[in-house]
Amino acid sequence: MSRTKALCPMRRRRVVILGATGSIGESARKVARDIPERMEIVGMSAHSNADKLHAAAKDFPNAKLAISSGPDGVERLVELATLPEADLVLIAIVGTGGLRPALAAIEAGKDIAVASKEILVMAGEAVMTAARRKGVQVLPVDSEHNAIFQCLEGRDSREVRRLILTASGGPFRQMPAAQLASVTVEQALKHPTWTMGAKITIDSATLFNKGLEMIEARWLFDVEMARVEVIVHPQSIVHSMVEFIDSSVLAQLSTTDMCFPIQYAVTWPERVPNSLPPLDFAKLARLDFEAPRLADFPALTLARTAGETGGTLPAVLNAANEIAVAAFLARRCSFPAIWETVARVMGEHRSIAGADLDAILSADSWARTRAAEVLGV
Ligand code: NDP
Ligand code: MG
């Protein structure tokens, strides 16, 4: 490596965190405390947890604050996302509530760092097109996509043969199919390798999380669904891989901590030292890989269908899944009812090709109503 390579002057990113009280929000605040010379928090939102937001604000006294649960919640989020002093907006809101603020941030010329995969599943084309038009960056925070982003380093998608997303397999990786019907909320909330918010933890158990991530990758990296694959890797150390057309594979590895991808999104294209634990390969000893159980976890095939069909179908999959996960968490449906509901609602939907944002939003709202009817909630 050349020692003479000139480093760009250090850039301190002024960051707004939408969803600052959640699991990603908490990791992002930790990164800001760890590398204060590179990351300053200038705005933070919570949905309803005002106490936690104010406690968090003690470390960042200059941050503007917003609560999004009121009737004008979206406007409050848009105000934060377009703050003149901000240059990067981290979307860490669970579900699709981050879509309008994300589009507003792009229009205001801000880069966005996206943890909320749901908005890319629902409206990936609209988000990426707007970002290209405004010349702003969409930086992936989801660990798999951040890993792929690191492996690609801006290479042309024509040099890519396959994007290989790794999946932990969730808590039921080895559970016989017949037992999945009696899975409890408590069992499903026990993720083997990551500690995350409730919705994504259930998505990891059904593998809808990985299904959403397949569609997310398709838009972030401009590759068609056929080139997006999933491999189960129970240790969650290899965060994803890229196979290039010369059959070489690059992978990104680190300990399982969301501070890694958040920091990279903030300091990109540079790397800076931090206090995160390095990998100890001797202790790790082994890394395992196995094929996903497609027949027992239909989420992956449903997501592939949605991603291949495109149009409004990914929004329908995402919306029906959100309703079904909420019903499962409220103990109003069984675990397999999550994918059964998504499959049924998708089956009833006629996808609109080349859908604009209005068509996507109305498909989203139809799917929510229909999923609730199917579930009887
Ligand atoms: P959490 O449930 O822990 O946090 C959600 C955050 O969003 C909280 O700040 C919450 O505020 C706020 N919020 C909830 N509902 C709304 C709403 N309707 N409108 C605006 N804000 C809302 O979620 P996570 O941090 O786990 O996940 C956030 C996103 O990041 C999800 O899209 C998830 O898929 C993605 N992600 C998460 C990972 C993780 O490790 N956790 C990994 C990769 C992606 P309040 O506290 O007031 O309720
Ligand atoms: Mg992920």
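Just follow the structure's listing: the first ligand is 1, and inside any ligand the first atom is 1.
The 12-atom threshold is exceeded at NZ of Lys134, counting heavy atoms of other residues, nucleotides or ligands nearer than 6.0 Å. Heavy-atom contacts from other residues, nucleotides or ligands closer than 6.0 Å to CZ of Arg155 number 12 or fewer. Applying the 6.0 Å contact sphere to CZ of Arg332 captures no more than 12 heavy atoms from other residues, nucleotides or ligands.
To the nearest 10 degrees, the Mg ion (ligand 2) sees OE2 of Glu213 and OE1 of Glu144 at an angle of 100°.
Closest to the Mg ion (ligand 2) among the N, O or S atoms of Asp142 is OD1.
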**Request:** Determine, stepwise, if the pair Phe297 / Thr206 fulfils side chain to side chain contact (heavy atoms under 4.5 Å, CB included).
**Result:** CA-CA 6 Å; Phe297 294 90; Thr206 56; 5.7 Å; no
**Request:** Apply the test side chain to side chain donor-acceptor pair (under 3.5 Å) to residues Gln174 and Arg293: give CA-CA distance (whole Å), side-chain angles for both, the deciding distance (0.1 Å), then the verdict.
**Result:** CA-CA 9 Å; Gln174 294 171 309; Arg293 290 164 56 194; over 6 Å; no
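One hydrophobic cluster, built from ILVMFWY side chains closer than 4.5 Å, holds both Leu152 and Met225.
Using a 4.0 Å heavy-atom criterion, the residues that approach ligand 1 are Gly19, Ala20, Thr21, Gly22, Ser23, Ile24, Ala46, His47, Ser48, Asn49, Ser68, Ala92, Ile93, Val94, Ala115, Ser116, Lys117, Glu118, Asp142, Met196, Gly197, Ile200, Met258.
For Phe328, the ring pair (Phe, Tyr, Trp, His ring centres under 6.0 Å) test picks out Phe335, with sequence neighbours left out.
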